[in-house]
2 protein chains.
Amino acid sequence: MTRHSSGLTELEGAVLSEIHHRLNRTAFKVRRAFQTSPSIEWSGSAGAVYPAIRRLVEAGLIESTPITTGKKGSHLSLTHDGVAALEDWICDPVRATSVGVDPFRLRAGLWATLDSARRADALLGLKQAVGEELARLTTTLDDLDPVERARSRWSIQLQTMRLQWLEDQTAQSDAAPDSK
Amino acid sequence: MTRHSSGLTELEGAVLSEIHHRLNRTAFKVRRAFQTSPSIEWSGSAGAVYPAIRRLVEAGLIESTPITTGKKGSHLSLTHDGVAALEDWICDPVRATSVGVDPFRLRAGLWATLDSARRADALLGLKQAVGEELARLTTTLDDLDPVERARSRWSIQLQTMRLQWLEDQTAQSDAAPDSK
DNA sequence: CCGAACATGTAACCTGTTACATGATTAC
DNA sequence: GTAATCATGTAACAGGTTACATGTTCGG
């Protein structure tokens, strides 16, 4: 993905924050954090995480010290430069406020183009999917660390707004069944 | 990026909708639509759009007929299969309701980890960026076709919610200046 | 001792990015 | 005629995906 002012990709920034703020201090734990994260975001594939960490080590942002005491694996921590780069990434206003690739936004104006039967079907399926996601988010909220909890809270607000949008679409759909 | 149930990437779906719903019926116009779109989403690079269209033609979803009358270029339209694939993509509930890679969400829990000076700075910059984007979105709303207008309306809601989030963060920040 | 979980990595592939190259048409 | 815009593409590269390969440690 494109590198922005902070010089980090979104994945690299996320990796740094996993190590520094969420205390996942081995490559494996970082990877598992992505895999088990309540959101899809990235698959947490080995082919993405390990190369990303290697790049960050080579760039001098991560310090990697092999664990000697029985355990295998390497302990990762951010260097001074790493912390600075992470903060730049966190604060980058252009990046932070861009819409990214929002799949809902892309489709927001397109449901109205469907014929009424298909549209009703789609809206029902979408509302159900959002509803299930909302239920999952609210029930798992307590088990999360502060960082992930904040993300979940944001997701709840987002999905609630999506649900509202879908209900508005349904209402408009009922008012004007088929615009042709 | 990953292909989902509809078999289309997000870019491919967006390309089909540009052709079918927004009447950008040459490769060049599709490309320009991405480039001049109020959102970043994709760069609309030639190296992405032309290959994507070629793939869609080869898959039998787009019909490409060279323009004979003076003009150069090819006229693009969706085949029967193309319309079906587009509708599947539009209605795919898993895709449509995923958070995608939301840069705001990724950072939502991280501003609180900054020291109070840096945090105040960051929040100010972010609120300004969101404010400017909101101003731009509201003033350009009238010039847009229905599809893009719906997207803009969604973006306005999203950015408004982001602004609210940032103001809440600022308030909490003021209440507890430095948590160490 | 054996299977599950821990741990690390590579190889082939796909798609998007930048940067470059090329030519046709139109407005002046 | 010439500059801007229209129009199409390719080449090198970056970074993410799946799938595979390999070895370690620990609980039973």
Side-chain angles (χ1 to χ4, degrees), chain A residues 1-4 7-16 18-19 24-37 39-59 62 64-76 95 98 100-101 106, chain B residues 1-4 7-16 18-19 24-37 39-59 62 64-76 95 98 100-101 106:
Chain A
M1 299 273 128
T2 330
R3 310 206 98 91
H4 31 298
L8 300 174
T9 63
E10 288 298 284
L11 179 69
E12 287 166 353
V15 165
L16 290 183
E18 284 298 326
I19 296 169
N24 290 308
R25 298 200 146 144
T26 63
F28 187 79
K29 282 186 180 172
V30 169
R31 197 189 156 202
R32 198 181 42 187
F34 286 125
Q35 282 177 326
T36 65
S37 163
S39 88
I40 322 180
E41 231 134 52
W42 298 286
S43 71
S45 52
V49 174
Y50 286 103
I53 289 177
R54 196 192 323 119
R55 286 197 300 273
L56 293 167
V57 170
E58 279 164 11
I62 291 179
S64 172
T65 55
I67 296 176
T68 48
T69 66
K71 306 273 175 186
K72 58 263 150 147
S74 291
H75 180 267
L76 305 175
R95 255 298 145 135
S98 86
V101 179
L106 259 187
Chain B
M1 300 279 120
T2 331
R3 313 206 95 94
H4 31 298
L8 300 174
T9 63
E10 288 297 285
L11 178 69
E12 287 166 353
V15 165
L16 290 183
E18 284 298 325
I19 296 168
N24 290 309
R25 299 202 145 142
T26 64
F28 186 80
K29 280 186 180 171
V30 169
R31 196 189 155 201
R32 197 181 44 187
F34 285 125
Q35 283 177 324
T36 65
S37 163
S39 88
I40 322 179
E41 230 133 52
W42 298 286
S43 71
S45 52
V49 174
Y50 286 102
I53 290 176
R54 197 194 320 121
R55 285 197 300 273
L56 293 167
V57 170
E58 279 164 10
I62 290 180
S64 172
T65 55
I67 297 175
T68 46
T69 66
K71 307 273 175 185
K72 60 262 148 151
S74 290
H75 180 266
L76 305 175
R95 256 296 145 137
S98 87
V101 179
L106 259 187

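In what follows, chains carry the letters A, B, and so on, assigned in the order in which the sequence lines appear, proteins first and then strands, with residues in each chain numbered from 1.
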Can you tell me how far P of D:dC6 sits from CG of B:L76, to the nearest Å?
17 Å

Toward the 5' end of DNA chain C, which comes first, B:S45 or A:G47, by nearest nucleotide?
A:G47

My understanding is that only one of B:L56, B:T26, B:V30 makes a side chain to side chain contact (heavy atoms under 4.5 Å, CB included) with B:I19; could you say which?
B:V30

Residues A:S64 and A:P66: closest non-hydrogen pair is O-CD, 3.9 Å

So, for A:L11 and A:A52, which heavy atoms are closest and what is the spacing to 0.1 Å?
CD2-CB, 4.2 Å

Roughly, in whole Å, what's the span from CD in B:E10 to C1' in D:dT17?
16 Å

What integer distance in Å separates A:Q35:CD from D:dG16:P?
15 Å

Nucleotide C:dT8, atom P - distance to CZ of A:F28 in whole Å
8 Å

Heavy atoms under 4.0 Å, any strand shown: does A:S43 hit a base, just sugar-phosphate, or nothing?
sugar-phosphate

note: B:R32, atom CZ; D:dC6, atom P; distance rounded to Å ~ 5 Å

By the 4.0 Å heavy-atom rule, please label A:R31 as base, sugar-phosphate, or nothing.
base

Can you tell me if B:R25 touches the phosphate of D:dA7, counting only side-chain N or O atoms and a distance under 4.0 Å to OP1 or OP2?
no

What residue among A:E18, A:R32, A:K29, A:R31 forms side-chain hydrogen bond (donor to acceptor under 3.5 Å, both in side chains) with A:N24?
A:E18

To the side chain of A:A46, which of C:dG9, D:dT17, C:dG16 is closest?
C:dG9

How long is the line joining CD1 of B:I62 and C1' of D:dT8, in whole Å?
15 Å

Report yes if a side-chain nitrogen or oxygen of A:T9 is closer than 4.0 Å to either non-bridging phosphate oxygen (OP1 or OP2) of D:dG16; otherwise report no.
yes

What closest approach, in Å, do B:G44 and B:F34 show between heavy atoms, and which atom pair accounts for it?
CA-CB, 3.7 Å

Closest nucleotide of DNA chain D for B:K29 versus for B:R54: which of these residues is on the 5' side?
B:K29

What is the distance, to the nearest angstrom, from the OH atom on A:Y50 to the P atom on C:dA11?
16 Å

Atom-pair distance (CG on B:L11; P on D:dG16), nearest Å
17 Å

Across the strands shown, which category fits A:A27 at heavy-atom distances under 4.0 angstrom: base, sugar-phosphate, nothing?
sugar-phosphate

